[in-house]
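For the numbers below, each heavy atom of this structure counts, side chains included, while hydrogens, waters and symmetry mates do not.
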Amino acid sequence: MSSLRAGAELLPRTIEATGVFAVFLVSPEGRVVASNRRFEQLLGYPSAETLRNRYVQNGLLRQSAEWSAWARVAADGDPMDIDAEFVATDGCSVYLRGRIDRVAQHKRAAPLVRAVLVDDTASHRLQELSIETARMQAALSLAAGVSHDFNNLLTVLVGNLYLISELVRMDPVVHEKVRKACNTAKRGAEFTRQLLDLARGADAGADATAVNPERVVESLSPLLGAVLGSRIELQTTIAAAVPAVFVNRAQLESVVTNLVINARDAFGEGQPGTITLSVSKQEISAPTAAALGLKAGHYVEIAVADDGCGIPPELAQRVFEPFFSTKAKGKTSGLGLPMVRWFAGQAGGTASLKSLPGEGTVVTVLLPAHHADAAETGNLTIPISSLPSGNENVAVFSEDGDFRSTIEQILATLGYRLVSESDAIQRGALTGSPRSVLVIDAHKLSAAAFRRADALMRRLGTAVGVVVIGDSRTNWPITPVRVPKPFTLAELAQAVRAAAEGV
């Protein structure tokens with residue numbers, strides 16, 4: 001039976017077969033009288049019969065107030081251009097753009113409103129993505145600025161704790177308390193590093209190293225617990241002897257955080273629940289690997305499971321589609337899970353989801369095992385005697401007094417001779433032998449401070465080595481040794497040594 005059998009005399013028969021225009025007829029009170037196959041497909045209805053007699057203003061339009069335009073056309077007959085948001089059967093938005101007008105029926109039947117529309121969903125998605133991107137860029141710029149400031153605070157805190165630990169090393173009780181304080185500060189530094197990596201736009205392959213997933217979960221657990229709050233319990237299960245994976249650590253941390261936050265959103269407002277974060281090793285056989293599009297071999301499985309509301313099968317099949325989301329409009333960009341799968345794919349793995357309504361959801365990420373030792377960050381309380389040292393003259397340029405003082409104390413403890421900025425500039429204290437070093441805190445470096453440092457480097461030339469702390473794209477007269485924030489004291493000591501030796 002033709003989907004336009006009712007009212008067919010009002011529309012050409014070719015309209016029913018068109019794949020371009022969505023065409024339908026609406027009664028003055030808002031009831032669908034007839035529709036073509038394109039309109040039915042866009043909204044997910046299997047036939048004209050399932051769509052007929054549904055009311056546009058109470059079910060098909062996302063905002064029922066938009067019906068007022070249709071009512072005006074039905075009343076006065078003046079055509080109108082519209083851009084409307086419809087609701088598909090799966091709850092997703094479908095944006096249609098075009099014209100509505102009034103058409104007369106035979107005899108004394110009331111006139112109908114005819115809609116001839118085209119699918120404009122992709123354009124709306126791009127516009128939403130552009131707005132979301134602008135918001136994210138603003139948030140990331142703010143995060144980067146806050147992270148730099150926070151890094152300076154952490155440097156002062158960690159640096160002084162480091163110096164205290166050297167003084168109390170012979171007192172095991174006090175030394176242990178200082179060590180715990182150092183480790184807590186270190187977790188804060190790791191968190192700010194994640195923010196900075198995100199702000200810099202690090203990609204999945206950039207700075208990939210052998211990473212221990214167990215260490216990643218351990219470092220994130222306190223932060224994730226704070227995000228989840230008291231009503232949702234986070235349980236972690238880590239198998240023995242889990243191998244390393246070769247990825248960008250910051251990106252892996254972002255993936256784990258993303259999955260846990262997604263799991264949190266599976267619970268209703270105020271609803272308690274449990275999220276389980278597990279890490280294990282898996283051996284993928286050839287048949288299973290072929291089905292997954294992977295190579296057979298050893299993998300690390302990172303799974304995040306929740307006992308929340310679950311996802312219907314027809315929606316679970318689409319969660320990895322860009323822009324698709326099971327959350328309410330405006331709550332997400334619909335790019336979270338697609339980015340998780342992209343990250344896993346870049347690493348040679350994959351991501352999958354299993355869910356049933358009322359039984360919760362499990363998202364699993366498979367990453368190829370990397371048979372090499374993972375690089376671990378340095379111990380913040382290692383004996384100072386193990387750090388590179390020297391006796392060169394060093395001047396520290398920083399407009400943060402506490403930061404500058406802490407760096408100076410650390411370098412003095414390592415044996416360097418500290419020279420004030422004024423002595424370096426006015427009295428030429430950085431000249432002579434051995435080679436001198438200029439340490440510059442690049443964050444929020446004023447124009448005046450930059451000019452002073454620039455003039456000093458041009459005057460000294462090869463007689464000085466330069467260390468730049470922080471993310472800076474400045475083209476210095478002398479190629480510096482760069483130390484990105486956050487940094488360990490070992491990294492700072494190694495950088496100053498490299499600059500002093502001209503390496």
Side-chain angles (χ1 to χ4, degrees), residues 145-196 219 222-223 376-424 437-445 449 467-472 481-500:
V146 171
S147 297
H148 277 295
D149 289 334
F150 194 49
N151 263 304
N152 278 15
L153 295 175
L154 284 171
T155 300
V156 174
L157 175 62
V158 173
N160 282 283
L161 286 172
Y162 188 101
L163 295 171
I164 292 171
S165 71
E166 292 300 317
L167 298 175
V168 299
R169 190 171 290 277
M170 300 308 295
D171 187 330
V173 175
V174 177
H175 186 269
E176 176 62 16
K177 293 182 182 298
V178 174
R179 187 190 67 81
K180 289 181 179 179
C182 279
N183 288 338
T184 300
K186 181 182 177 182
R187 285 198 293 269
E190 288 292 319
F191 178 66
T192 58
R193 181 178 57 76
Q194 293 173 41
L195 289 177
L196 283 172
S219 66
L223 301 174
E376 301 298 337
T377 55
N379 189 334
L380 292 177
T381 58
I382 57 177
I384 202 164
S385 60
S386 66
L387 296 178
S389 59
N391 60 357
E392 288 84 357
N393 292 329
V394 178
V396 180
F397 276 42
S398 176
E399 298 183 325
D400 184 328
D402 290 336
F403 180 87
R404 181 179 61 252
S405 175
T406 300
I407 297 299
E408 288 176 343
Q409 290 180 61
I410 293 168
L411 296 178
T413 304
L414 292 173
Y416 293 99
R417 296 191 294 270
L418 273 301
V419 176
S420 68
E421 180 182 330
S422 60
D423 284 347
V437 178
L438 178 59
V439 178
I440 301 174
D441 175 21
H443 180 53
K444 290 185 177 179
L445 192 67
V467 174
V468 171
I469 299 174
D471 195 15
S472 172
V481 179
R482 297 188 181 273
V483 180
K485 292 182 178 180
F487 56 90
T488 65
L489 302 184
E491 289 170 338
L492 174 63
Q494 291 163 359
V496 173
R497 192 70 246 135

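- Atom CG in Asn393 sits 12.0 Å away from atom CG in Leu411 (nearest 0.5 Å).
- To the nearest 0.5 Å, atom NZ of residue Lys177 and atom CG of residue Asp171 are 10.5 Å apart.
- Listed for the Arg404 side chain is no donor-acceptor partner under 3.5 Å among the backbone atoms of Glu399.
- When all heavy atoms are compared, the tightest approach of Arg497 to Gly390 is NH1-CA, 3.4 Å.
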For side-chain contact (heavy atoms from CB on, under 4.5 Å), just list the numbers for Asn160 and Gln409, CA-CA rounded to whole Å, side-chain angles, deciding distance to a tenth of an Å, and then say yes or no. CA-CA 9 Å; Asn160 282 283; Gln409 290 180 61; 4.3 Å; yes

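- For the pair Tyr416/Val437, no side-chain contact is recorded, criterion being any heavy-atom separation below 4.5 Å from C-beta on.
- The shortest heavy-atom contact between Ala495 and Val467 is O-CG2, 3.6 Å.
- In this structure, CG in Asp400 is found 7.0 Å from CG in Asp441, a value given to the nearest 0.5 Å.
- When the salt bridge (charged side-chain N to carboxylate O under 4.0 Å, His left out) test is applied to Glu408, no partner is found at least two apart in sequence or on another chain.
- Between Pro222 and Ser219 the shortest heavy-atom distance is CD-O, 3.6 Å.
- Glu421 meets the side chain to side chain donor-acceptor pair (under 3.5 Å) test with Arg452; sequence neighbours excluded.
- With sequence neighbours left out, the side chain to side chain donor-acceptor pair (under 3.5 Å) criterion links Ser389 to no other residue.
- Here the CG atom belonging to Leu492 is positioned 11.0 Å from the OG1 atom belonging to Thr406, to the nearest 0.5 angstrom.
- Partner of Ile469 under the side-chain contact (heavy atoms from CB on, under 4.5 Å) criterion, chosen from Val439, Val396, Ile440: Val439.
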